[in-house]
Amino acid sequence: MPASVIVGLQWGDEGKGKATDLLAEQVAMVVRYQGGDNAGHTIVLGDAVFKLQLVPSGVLYPHIRPVIGNGVVVNPATLIAELGMLAGRGIAVDRVRVSRHAHVIMPYHVALDGAMEARLAGAAVGTTRRGIGPAYADRAWRIGIRMEDLLDPAGLRRRLTRILPDKNTVLRRTHGLDGFDLEEMIATALGWGERLRPHLADTTALVQAALARGEGILFEGAQGTLLDLDHGSYPYVTSSNPVAGGACTGGGIGPLQVDEVIGVMKAYATRVGSGPFPTELHEAVGRGIAERGREFGVVTGRPRRVGWLDAVPLRYAVAVNSVSSVMLNKLDILSGLEEILVCVAYEVDGDRVEWWPSDADVLARAVPVYERFPGWEGSIGGARSVAELPAAAAAYVDALEELAGVPISLVSVGAERTETIHRRDRPVRARLAG
Ligand code: IMO
Ligand code: MG
């Protein structure tokens, strides 16, 4: 059974939850490797809709061990609420494992995220204000609190006694906000630790043991390639590495243990938050797509910005993730459009550009060069094979495959698991001999 990485090829919200859902039957473990409760994954199972922020979507299957890897930043309050919500809906959550090494999003991280954004005003990143950036910053600064620290009263007290006064100084002096009380914070954090104790584990050991047993594992990325801290359009990015390589640092797998990388994309583009978006649609066409596609953020409820598909960052994302196959989502949302545009190159200062310039200033000046495709009429939600698609829809998918340069194996024509076309087999790398 393969170890597969699922990665978003755009700015997040590509439908990674549905991809996990489809592949879950074949695996024993699903591992989240980065991000935190900035993510929002929607999974539709019959009449039931599950919205998950931290627990991997695999939790909805009794045979799967859901794992939150070391690369994730965990807001314990969110996690406890989510476990409670799932248990309340009849899902067994005792199987959920959280890395002892995952960093904790503390209340001061959330406060600082909001305060920094407010201070940046017009230059704000448009974060989800969940404390993601400050938590990862403290991790790199080596002043973070890890999940295992929540089980160690003396150690936690030592660390917070050192850290909290500095955080309070910044909150009060720089941002004019209230600080946090040390004793209260220690008590709250130890309470989280007690509640989550049964879930904490050495998740890298769990992953490696599962690989050794030959079990299938799915590594589930949050956000998307263009929001990657290193490969996205900095500074309009998140603070972790959604790219497939993040599964290695944040999930406990080595590069040569990965058998396939499944890139997930929508048939058009969306983005929440600030930052350049060359193919953004400001007119009625965009609003129509946004409405039909219900493009509102799961976490913040913000309307998502909508645009035509951009093959320039798509090619780039296929390369930096070494994508082996693609799942194309929400093709049904484009039904009824007279014409569909796809950006195939940019013009920047008079030059034709085909390699995505991740530089935000360059992107802001990029003028899309479009290729035009005829649209199709009527609903395609009932199609279960390419042959059942209108010719124009099938041709659009063929064109995207050509532009991506890797096979499009799955095409989604509706939110439900069954509303999927298995277009081709997924190429899976042969395990190295020996
Ligand atoms: P899923 O997993 C879309 C965006 C925010 C902002 C930037 C930084 O559902 O695809 P952050 O709070 O991470 O510091 O914000 O990243 N962002 C997302 N956009 N989908 C997501 O997650 C996102 N998570 C963060 O809007 O632009
Ligand atoms: Mg989302």
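Start at 1 with the first residue, then count along the sequence. Each ligand, and each atom within it, is numbered from 1 in the order the structure gives.
Close contacts between ligand 1 and Leu227 involve ligand atoms 4 (C), 16 (O), 17 (N), 18 (C), 19 (N) [criterion: under 4.0 Å to a heavy atom].
Close N/O approach between Thr128 and ligand 1 is found [any backbone or side-chain N/O within under 3.5 Å]. At least one N/O-N/O distance between His41 and ligand 1 falls below 3.5 Å. The distance criterion of under 3.5 Å between nitrogen or oxygen atoms is not met by Ser274 with respect to ligand 1. When only interatomic distances are considered, the shortest N/O to N/O separation between Glu14 and ligand 1 does not fall below 3.5 Å.
Side chains of Asn38 and Gln223: a donor on one and an acceptor on the other come within 3.5 Å.
With a heavy-atom cut-off of 4.0 Å, Lys16 touches ligand 1 through its side chain alone. Here Trp11 has backbone heavy atoms under 4.0 Å from ligand 1, and that is the only part of it that gets that close. Contacts of Arg130 with ligand 1, taken as heavy-atom pairs under 4.0 Å, are absent altogether. Counting heavy atoms closer than 4.0 Å to ligand 1, residue Val237 contributes backbone atoms (N, CA, C, O) but none from C-beta onward.
Among the candidates Tyr346, Trp356, Tyr268, the single residue satisfying the side-chain hydrogen bond (donor to acceptor under 3.5 Å, both in side chains) test with Asp310 is Tyr346.
Within the cation-pi definition used here (under 6.0 Å to the ring centroid, within 45° of the axis), Arg302 does not qualify as a partner of Phe296.
Ring geometry for Tyr396 against Phe373 counts as perpendicular: the plane angle is over 60°, on a 0 to 90° scale with 30° as the lower cut.
Of the angles at the Mg ion (ligand 2), the one spanning O of Gly40 and OD1 of Asp13 is 160° when given to 10°.
Between Val298 and ligand 1 there is no heavy-atom distance shorter than 4.0 Å.
Of all protein heavy atoms, the one lying nearest to atom 21 (C) of ligand 1 is Gln223 CG, 4.0 Å. The protein atom (non-hydrogen) at minimum distance from atom 6 (C) of ligand 1 is Gly126 O, 3.2 Å.
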